[in-house]
Structures are given as C-alpha cells and as structure tokens.
Asks: 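Got a structure here, written out as structure tokens. Questions coming.
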Amino acid sequence: MAVAPIEWADGRLRLLDQTRLPGEVRYVEPATAEAVWEAIRALRVRGAPAIGIAAAFGLYLGVRGSEARTREAFLADVRRVAEYLATARPTAVNLSWALRRVQRRVEVLEAPVDTLKAEVLAGALELLEEDRRTCRDIGRRGAPLLAGARAVLTHCNAGGLATAQYGTALAPIYHLHEQGHTLRVYVDETRPLLQGARLTAWELLQAGIPVTLITDSMAAVVLRQRRVDAVIVGADRVASNGDTANKIGTYGLAVLAREHGVPLYVALPTSTFDFSLPDGDRIPIEERSPDEVTHLAGVRTAPEGVDVFNPAFDVTPAHLITAFITEVGVIHPPFGPALAQLRKDLGR
Ligand SMILES: CSC[C@H]1O[C@H](OP(=O)(O)O)[C@H](O)[C@@H]1O
C-alpha cells in the first residue's frame with residue numbers, strides 16, 4: 001500500500017483526507033488537538049489503528065505549547081487533552097488505547113517539561129512505526145489461511161488506509177500478492193459511507209489487485225454461488241469472549257458466511273482486544289448523523305423528515321467467527337480460554 005494515510009514531517013502532521021477519495025488525493029495538516037478531533041470525527045482519518053495513531057499526534061499538538069512550569073501541571077495538561085481526543089469516536093478501542101499508552105509513557109518519567117513534551121511525540125512516532133510492523137506481521141500470519149483461496153470477500157476498509165500502512169484484513173492479501181499469489185477481492189460497497197467502494201476498491205487497484213465491487217445486498221448471492229472461499233474483515237473492538245464490533249453490516253455477513261459454510265476471519269492488532277469487557281453487549285456503538293443515510297454525495301435520496309437509525313458498527317457474536325488473525329498468531333476457538341491466555345501473554 002504505497003499511500004500512507006498518516007505522515008509526520010518537519011513538525012507537521014499530514015493526514016490523507018479520506019472523505020475526498022477516490023476522486024482526489026489531498027492531505028490536510030491539522031495543527032491543533034481540536035483539528036485532529038474533527039478529522040477523526042469526520043472520518044478524514046479513519047480505521048481503528050489509524051485513529052489511535054492520529055490521536056497520539058493530536059495529543060502532542062495539544063500539549064507542545066503547554067506553559068506548564070512543573071511536571072505535575074504538564075501531566076494534567078496531557079490528561080485533559082487525551083480525555084478530549086478520546087471523545088472523537090466511541091467504538092474503536094484503539095483510540096483510547098493509543099492515548100493511554102502515550103500518557104503512561106510520560107507519567108512514569110521524572111523529567112523536565114521539555115523532555116516530557118519530546119516523549120509525547122516519541123510515543124506517537126513509536127505507535128506509527130510499530131503499526132507498520134504489526135500490519136506486516138498480520139499479513140504474514142494470515143497468508144496461510146488464504147493461500148488456497150481463489151477469491152475472498154471483505155467489508156468496509158481494513159486496509160492500509162485504516163492503519164499506518166498495509167492494513168489488517170487486506171494485509172494477508174497484500175502479503176500473498178507480494179509472493180506472486182494474487183487473489184480476487186470481492187468488496188462490499190459498505191453503505192452508508194461507502195468505505196468499500198471509495199477506499200478498499202481504490203487501494204487494491206492501486207496495488208494491482210483485481211477487485212469485484214458489489215453492493216452490500218449482493219453478498220448473499222456471492223456466497224451462495226461460492227464465488228469466494230473466505231470472508232475477511234477488520235475489527236474496532238473485541239471483547240474477552242471474542243464478540244467483535246466492526247463496521248455495520250459485518251454481523252449480517254457473518255450470518256451469511258455461516259449459512260453457506262464459508263470461513264469468516266477477523267484480522268486485527270492485539271491492541272483491538274478490550275479485555276475489560278466480558279462480552280460484546282457493552283461495546284459502545286457509535287450512532288452517526290441521519291444525513292449519512294438520507295443523502296448520497298450530498299444529494300438527498302430520502303424524503304425530508306424521515307426517521308433514521310444509523311449505527312456505524314454492529315457486533316458479531318464470537319460463535320460466527322472462524323479465527324482471529326493477529327500479529328502474534330492466529331487464534332482459534334474456544335476464544336474465551338485462548339483470549340485469556342493472550343491477555344496473560346500480553347501482560348494486560
Ligand atoms: C483496521 S480497523 C478498520 C475498521 O474501521 C472501520 O470503521 P470506520 O471506517 O468507521 O473507521 C471499519 O469498522 C473497519 O473494519
């Protein structure tokens with residue numbers, strides 16, 4: 001994935017404005033925590049890992065001008081800005097996880113304020129670099145599961161645009177492509193914001209990978225006709241029992257995949273596991289503006305005054321998931337014990 005959605009250069013944050021894709025490759029340069037909050041909320045930068053990384057840089061932008069004279073006063077600034085940035089979107093746990101990781105990095109240091117400021121930036125840069133490695137490891141770990149496949153189906157965008165680079169669900173596909181084994185990828189357009197049509201189709205074609213774009217309602221026929229050998233998606237938050245929050249429509253796809261005997265893989269970094277939740281019932285689901293459903297590209301497609309329900313995510317029960325593909329390995333059922341062991345291994 002050549003295009004990197006997040007860059008830090010010469011003291012400036014550059015975000016690929018994904019609301020402009022596929023028609024326009026344009027970067028925005030948010031210079032404040034507030035501008036980063038807006039970029040996350042408006043999905044200029046989006047995808048669980050990517051919004052965590054962007055927020056970490058937003059945290060630095062929010063505290064680099066702090067006039068705190070003491071360590072305690074500066075840490076209070078860090079806490080305040082981190083809590084603000086965490087409100088941008090509720091579902092992807094990576095947002096709060098990334099902010100907490102940078103916060104903890106400076107809270108353990110006894111150092112002058114200027115040093116602490118530099119450490120906030122170092123924490124953001126470390127997340128960016130680490131995610132690049134994590135995605136490639138997900139690709140390497142997941143590739144054997146797809147090696148025999150002719151084609152796969154994916155939903156939304158869990159590619160390089162949703163991460164530092166390379167992606168999660170698309171990572172095994174990129175890895176196989178680099179090894180000379182190119183799969184066809186069926187891509188759900190993913191209503192209402194069309195991350196599949198606008199982003200996944202765009203980035204896969206950029207990488208030279210064949211794409212068949214379908215509407216979300218066509219997935220059932222694609223599965224019934226055995227046009228794909230697997231479904232692979234990303235995740236925004238996974239509970240301790242394996243219940244998985246992902247883009248709206250994933251749950252329906254999981255039911256269809258089970259009905260037709262097609263495996264459903266969830267590809268994610270271990271930072272997406274939320275071990276504080278026993279199951280998916282308490283995963284916060286973001287509800288977004290009705291305009292996203294009543295309008296398409298700014299054109300009204302539904303009557304004025306119609307009621308709208310617009311959850312941006314749904315929760316797929318763990319029993320519908322074949323395996324989780326992470327940077328540390330593939331996790332098979334029973335997920336409860338396996339994820340409890342992962343939590344121990346991670347020291348979380
Ligand atoms: C690699 S995480 C990608 C994940 O995030 C997407 O949501 P959004 O586009 O609203 O940020 C979707 O759930 C993807 O699976």
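Atoms considered below: every heavy atom in the structure, side chains included; atoms not considered: hydrogens, waters and symmetry mates. First listed ligand is number 1; within each ligand, the first listed atom is number 1.
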Asks: Do the side chains of Glu38 and Arg44 get close enough for a salt bridge, i.e. N-O under 4.0 angstrom?
Replies: yes
Asks: Rounded to the nearest 0.5 Å, how far does CD1 of Ile283 lie from CZ of Phe313?
Replies: 10.5 Å
Asks: Between the protein and ligand 1, which nitrogen or oxygen pairs come in under 3.5 Å, and how far apart is each?
Replies:
residue: ligand 1; atom: 5 (O); partner: Asp236; partner atom: OD2; Å: 3.2
residue: ligand 1; atom: 9 (O); partner: Arg46; partner atom: NE; Å: 2.7
residue: ligand 1; atom: 9 (O); partner: Arg46; partner atom: NH2; Å: 3.3
residue: ligand 1; atom: 9 (O); partner: Gln195; partner atom: NE2; Å: 3.0
residue: ligand 1; atom: 10 (O); partner: Arg89; partner atom: NH1; Å: 3.4
residue: ligand 1; atom: 10 (O); partner: Arg89; partner atom: NH2; Å: 2.7
residue: ligand 1; atom: 10 (O); partner: Lys247; partner atom: NZ; Å: 2.7
residue: ligand 1; atom: 11 (O); partner: Gly47; partner atom: N; Å: 2.9
residue: ligand 1; atom: 11 (O); partner: Arg89; partner atom: NH1; Å: 2.9
residue: ligand 1; atom: 13 (O); partner: Asp236; partner atom: OD1; Å: 2.5
residue: ligand 1; atom: 13 (O); partner: Asn246; partner atom: OD1; Å: 3.2
residue: ligand 1; atom: 13 (O); partner: Lys247; partner atom: N; Å: 3.0
residue: ligand 1; atom: 15 (O); partner: Asn246; partner atom: OD1; Å: 2.5

Asks: State plainly whether the residues Asp274 and Arg237 are in salt-bridge range, i.e. N to O under 4.0 Å.
Replies: yes
Asks: Under 3.5 Å, is there a donor-acceptor pair linking the side chains of Asn157 and Arg46?
Replies: yes
Asks: Do the side-chain N and O atoms of Ser66 and Asp77 include a donor-acceptor pair separated by under 3.5 angstrom?
Replies: yes
Asks: Is the closest side-chain donor-acceptor distance between Glu203 and Tyr174 under 3.5 Å?
Replies: yes
